[in-house]
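Here is the naming used below: chain letters follow the sequence lines, and residue numbers restart at 1 for every chain. Quick caveat: nothing in here was measured; it's all calculated off a predicted structure.
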Number of protein chains: 2
Amino acid sequence: MGLTKSEIFTEEQNQIASIAKAFAHPARVAILQHIFNSSTCICGDLVDEIGLAQATISQHLRELKNIGLIKGNIEPTSVCYCIDEDNWANAKDLISQFLDYESKKTNCC
Amino acid sequence: MGLTKSEIFTEEQNQIASIAKAFAHPARVAILQHIFNSSTCICGDLVDEIGLAQATISQHLRELKNIGLIKGNIEPTSVCYCIDEDNWANAKDLISQFLDYESKKTNCC
DNA sequence: TTATTATATTGCAATATTACGATTAAATTA
DNA sequence: TAATTTAATCGTAATATTGCAATATAATAA
């Protein structure tokens, strides 16, 4: 086993889980925060900033890119990453709405 | 290898990742949504509602409980789970603030 | 007491994730 | 052209996650 049964869940549930998974590693959180704080973000910066190997950073960047949260512009010997604004806004809405389900609660304990 | 290097990240980054991990599986998203929509939540309901084995549901519930998002009241032959309001609010604030970093962006691509 | 019912726990197999050294690819510089 | 630089990719080891059958636990019902 070990294979998530995506097919038994709703599209929304899978999307929320998928976005959350992108945030589910501190390195990716750190990468995103670093992108937010930089006017431009080059992968090499991150290797210095975060204490992980270049290959590992690159792998995390690819995950963020695959899920659509960031996009990269290929420059001469470096790559400039930044947030994909549209996709980020969608992700934010989806997660925010999920977190706001709280208002509909009717707790018993 | 394969061990997340938590010690090189900030407390906040680890917390965000930890909360996101709880949402990073559609079964746990479904469980939380079900709890939101019920005045009371019994584990057996979930096994019927979601198409996973009882052992698997129980395992996901334990993860949500360990991270503090839900709490369970042990009743006679059944357990009533509900959201831990305080911890949920904290999680919501942390994630919302992170998602709002968007406003600080200065994209270049 | 002996079923029965409901949930937790254990053990295990399958799959996924994390991390990194080594290598590759592609542009830049000497 | 030959080194250098920068980031992606490959291969692999270590660890984590997912799912479930089987079993344990604990209260209720017969």
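An OP1 or OP2 oxygen of D:dT6 is reached within less than 4.0 angstrom by no side-chain nitrogen or oxygen of A:Tyr81. Within the 4.0 Å cut-off from OP1 or OP2 of C:dT9, at least one side-chain nitrogen or oxygen of B:Arg62 is found.
Here the side chain of A:His60 is nearest to one of D:dA7, C:dT18, C:dT9, namely C:dT18. Here the side chain of B:Lys5 is nearest to one of C:dC20, C:dA8, D:dT18, namely C:dC20. Of the candidates D:dT18, C:dT7, C:dT18, D:dT18 carries the atom nearest the A:Thr4 side chain, counting heavy atoms from C-beta on.
Atom CG of B:Leu3 and atom C1' of D:dT15 are 6 Å apart (whole Å). In this structure, A:Ile70 atom CD1 and D:dA8 atom C1' are separated by 13 Å, rounded to whole Å. The separation between B:Leu64 atom CG and D:dT18 atom P is 11 Å, rounded to whole Å. The distance from atom CG of B:Leu46 to atom P of C:dA8 is 10 Å, rounded to the nearest whole Å. To the nearest angstrom, P of C:dA6 lies 10 Å from CG of B:Asp45. The distance between atom CD1 of B:Ile42 and atom P of C:dT5, rounded to the nearest whole Å, is 16 Å. One interatomic measurement links the two molecules: CG of A:Leu61 to P of D:dT6, which rounds to 16 Å at whole-angstrom precision. Note: CD (B:Gln59) to P (C:dT10) measures 11 Å, nearest angstrom.
Linking Ile, Leu, Val, Met, Phe, Trp and Tyr whenever their side-chain heavy atoms come within less than 4.5 Å leaves A:Ile35 and A:Ile42 in two separate clusters.
Within the structure, the ring-ring contact (aromatic ring centres under 6.0 Å, His included) test picks out the following pairs touching residues 43-73 of chain B (sequence neighbours left out): B:His25-B:His60. Contacts classified as salt bridge (charged side-chain N to carboxylate O under 4.0 Å, His left out) and involving residues 40-52 of chain A (residues at least two apart or in different chains) are not found.
For A:Gln59, the side chain to side chain donor-acceptor pair (under 3.5 Å) test picks out no residue, with sequence neighbours left out. Residues passing the side-chain contact (heavy atoms from CB on, under 4.5 Å) test with A:Ile50, sequence neighbours excluded: A:Ala30, A:Ile31, A:Leu46, A:Leu52, A:Ile57, B:Ile8, B:Phe9.
Of all the residues in residues 18-30 of chain B, not one reaches under 4.0 Å from DNA chain C with any non-hydrogen atom. Less than 4.0 Å separates DNA chain C from at least one heavy atom of each of the following residues of residues 49-56 of chain B: B:Gln54, B:Ala55.
Counting heavy atoms from C-beta on, the side chains of A:Ile19 and A:Phe23 come closer than 4.5 Å. In this structure the side chain of A:Leu61 reaches within 4.5 angstrom of the side chain of A:Ile70, judged on heavy atoms. Side-chain contact between A:Asp84 and A:Lys65 is absent, with no heavy-atom pair separated by less than 4.5 Å.
Between the side chains of B:Gln15 and B:Ser18, no donor-acceptor pair is found at a separation under 3.5 Å.
For the pair A:Gly44 and A:Ser6, both in contact range of DNA chain D, the more 5′-proximal nearest nucleotide belongs to A:Gly44.
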